[in-house]
A.B. asks: 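Got a structure for you, questions after.
Worth knowing before you read on, the calculation uses all heavy atoms, side chains too, and leaves out hydrogens, waters and symmetry mates.
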There are 2 protein chains.
Amino acid sequence: MARWQPDGRRRLQDAALELYGERGFAEVTAAEVAARAGLTERTFFRHFADKKEVLFGDETRLAETIADGVRAAPPEASPMEAVLVGFAALSESAHARRDRLLRRERIIEQNAELRERELAKFAAWTAALASALRERGVAEASLVAEVAIATGRMAFHRWIEADRPVPLAEAMREGFAAVRAFVS
Amino acid sequence: MARWQPDGRRRLQDAALELYGERGFAEVTAAEVAARAGLTERTFFRHFADKKEVLFGDETRLAETIADGVRAAPPEASPMEAVLVGFAALSESAHARRDRLLRRERIIEQNAELRERELAKFAAWTAALASALRERGVAEASLVAEVAIATGRMAFHRWIEADRPVPLAEAMREGFAAVRAFVS
DNA sequence: TCCCTGATGTCAGCGACTGTCATCAGAGTA
DNA sequence: TACTCTGATGACAGTCGCTGACATCAGGGA
């Protein structure tokens with residue numbers, strides 16, 4: 001028989017989502033999350049660098065998902081088209097986890113530290129996307145990536161808040177149009 | 001005779017800039033900063049909400065500086081022109097404090113928590129700018145503000161890293177051109 | 001059979017931050 | 001002159017986030 005229940009990391013994530021959701025991030029201690037997961041505080045901090053990270057642990061992969069999508073776009077595709085391919089990949093995985101993502105959003109928007117961390121994650125996405133765009137020879141790749149991620153965030157926000165979800169790609173095209181109007 | 005030296009807040013900011021610069025943010029305790037300023041740790045946390053905020057205390061005003069610049073732009077100005085007016089106001093105050101800003105940049109870029117906080121401040125700038133743009137009837141004001149702030153950051157970065165500073169407005173126009181190429 | 005490894009527990013300790021109460025110079029007021 | 005009020009500070013105790021060091025022990029491989 002196994003000495004411990006398997007999947008401790010996942011149990012910590014579930015426990016955090018529950019407790020942060022019930023009482024708010026600031027009112028829950030790391031030790032409480034660990035206890036609900038049947039683990040100790042020390043083990044919590046072995047899995048996650050800090051109390052916030054338990055809500056963000058899987059986001060690094062998403063940055064690579066976008067970047068890989070851009071790399072997978074046909075060579076003749078314009079940068080904008082390549083970006084849309086990148087976000088399409090993201091969109092699929094988001095659909096399956098919509099409920100969990102929504103609960104997570106509600107927790108994050110209630111707390112300034114978590115909003116800060118979310119911004120940092122988006123910045124990492126931006127860096128990964130910029131790198132993929134630079135490989136395609138896009139000029140001012142960092143800035144272009146910022147615009148793309150900002151548009152993607154807007155589209156995601158509209159998608160998750162809507163009862164009847166708007167297709168992500170459509171929202172992004174609208175966003176790009178607004179940006180075009182601004183810089184023209 | 002005054003019971004305490006005046007200007008405790010400023011002394012804390014100076015002490016923090018010195019100590020964080022000498023040994024790095026993570027290696028300095030709040031109590032040490034306070035001691036160098038001739039105050040106690042408790043007083044440090046009365047002036048600043050946390051150990052990071054001592055480097056960011058004056059940034060809120062800057063957000064309003066940009067937004068006010070946009071509001072001051074002539075009614076017939078395009079959104080892009082209005083944004084350029086907003087940043088011009090910022091540019092002037094930055095020139096005078098270039099040395100201090102550079103020391104601050106060096107500290108922030110060395111530490112992940114400080115970079116996070118900086119992103120949060122930029123997000124606040126974005127919100128203030130979006131509000132001013134919305135008053136002008138700009139569509140998708142939040143997204144447009146994101147693009148504008150991203151461009152401004154890029155321009156600022158280029159300005160502060162260059163030995164012979166590039167004019168901010170020029171760098172911004174270049175940025176807008178790159179964005180235009182992307183979304184067209 | 002034995003050792004090694006990896007995930008966990010235990011414990012001690014530092015530093016960030018907060019609540020609470022005390023202090024006291026200077027400004028305002030009688 | 002005396003009296004009070006206020007605001008910035010100090011003192012102190014306490015909680016919580018996070019870390020280092022060491023112990024434990026099931027399962028896998030030599």
A.B. asks: I need the CD-C1' distance between A/Glu27 and D/dT15, as an integer number of Å.
C.D. replies: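 Whole-Å distance recorded here is 13 Å.
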A.B. asks: Does a side-chain heavy-atom distance below 4.5 Å link A/Glu32 with A/Arg23?
C.D. replies: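 Touching, per the 4.5 Å side-chain cut-off.
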A.B. asks: Does the side chain of B/Gln13 come within less than 4.5 Å of B/Arg100's, by heavy atoms?
C.D. replies: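 Answer yes - side chains close enough.
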A.B. asks: In whole angstroms, how far is the P atom of D/dA11 from the CG atom of B/Leu39?
C.D. replies: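 Nearest whole value for this atom pair: 11 Å.
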A.B. asks: With a cut-off of 3.5 Å and sequence neighbours excluded, list every side-chain donor-acceptor pair involving residues 114-128 of chain B.
C.D. replies:
residue  : atom : partner  : partner atom : Å
B/Arg115 : NH1  : B/Glu109 : O            : 2.9
B/Glu116 : OE2  : A/Arg117 : NE           : 2.5
B/Glu116 : OE2  : A/Arg117 : NH2          : 3.1
B/Arg117 : NE   : A/Glu116 : OE2          : 2.5
B/Arg117 : NH1  : B/Asp50  : OD1          : 3.2
B/Arg117 : NH1  : B/Asp50  : OD2          : 3.4
B/Arg117 : NH1  : B/Glu53  : OE1          : 2.6
B/Arg117 : NH2  : A/Glu116 : OE2          : 3.1
B/Arg117 : NH2  : B/Asp50  : OD2          : 3.0
B/Lys121 : NZ   : B/Glu53  : OE2          : 2.7
B/Thr126 : OG1  : B/Phe122 : O            : 2.9

A.B. asks: Report all side-chain donor-acceptor pairs from residues 173-184 of chain A shorter than 3.5 Å, counting only partners two or more places apart or in another chain.
C.D. replies:
residue  : atom : partner  : partner atom : Å
A/Arg180 : NE   : B/Val183 : O            : 2.6
A/Arg180 : NH2  : B/Val183 : O            : 3.0
A/Ser184 : OG   : A/Arg180 : O            : 2.6

A.B. asks: Could you run through nucleotides 14-19 of chain C and give me one letter per nucleotide, 5' to 3': B if any protein heavy atom sits under 4.0 Å from the base, S if only the sugar-phosphate is that close, - if neither?
C.D. replies: -SSBBB
A.B. asks: Check this one for me: any side-chain N or O of B/His47 less than 4.0 Å away from OP1 or OP2 of D/dA8?
C.D. replies: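 So the side-chain polar atoms of B/His47 never come under 4.0 Å of the phosphate oxygens OP1 or OP2 of D/dA8.
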A.B. asks: Is any side-chain heavy atom of A/Trp159 closer than 4.5 Å to one of A/Arg98?
C.D. replies: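 Yes. Closest side-chain heavy atoms under 4.5 Å.
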A.B. asks: Distance check: side-chain N/O of B/Thr40 vs OP1/OP2 of D/dT9, anything under 4.0 Å?
C.D. replies: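 Negative; the distance criterion is not met.
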A.B. asks: Looking only at heavy atoms, what is the nearest atom pair of A/Ala171 and A/Met154, with distance?
C.D. replies: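 Closest heavy-atom pair between A/Ala171 and A/Met154: O-CE, 3.7 Å.
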A.B. asks: Please report, rounded to the nearest Å, how far the C1' atom of D/dC18 is from the CD atom of B/Glu113.
C.D. replies: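 Going from CD in B/Glu113 over to C1' in D/dC18 covers 11 Å.
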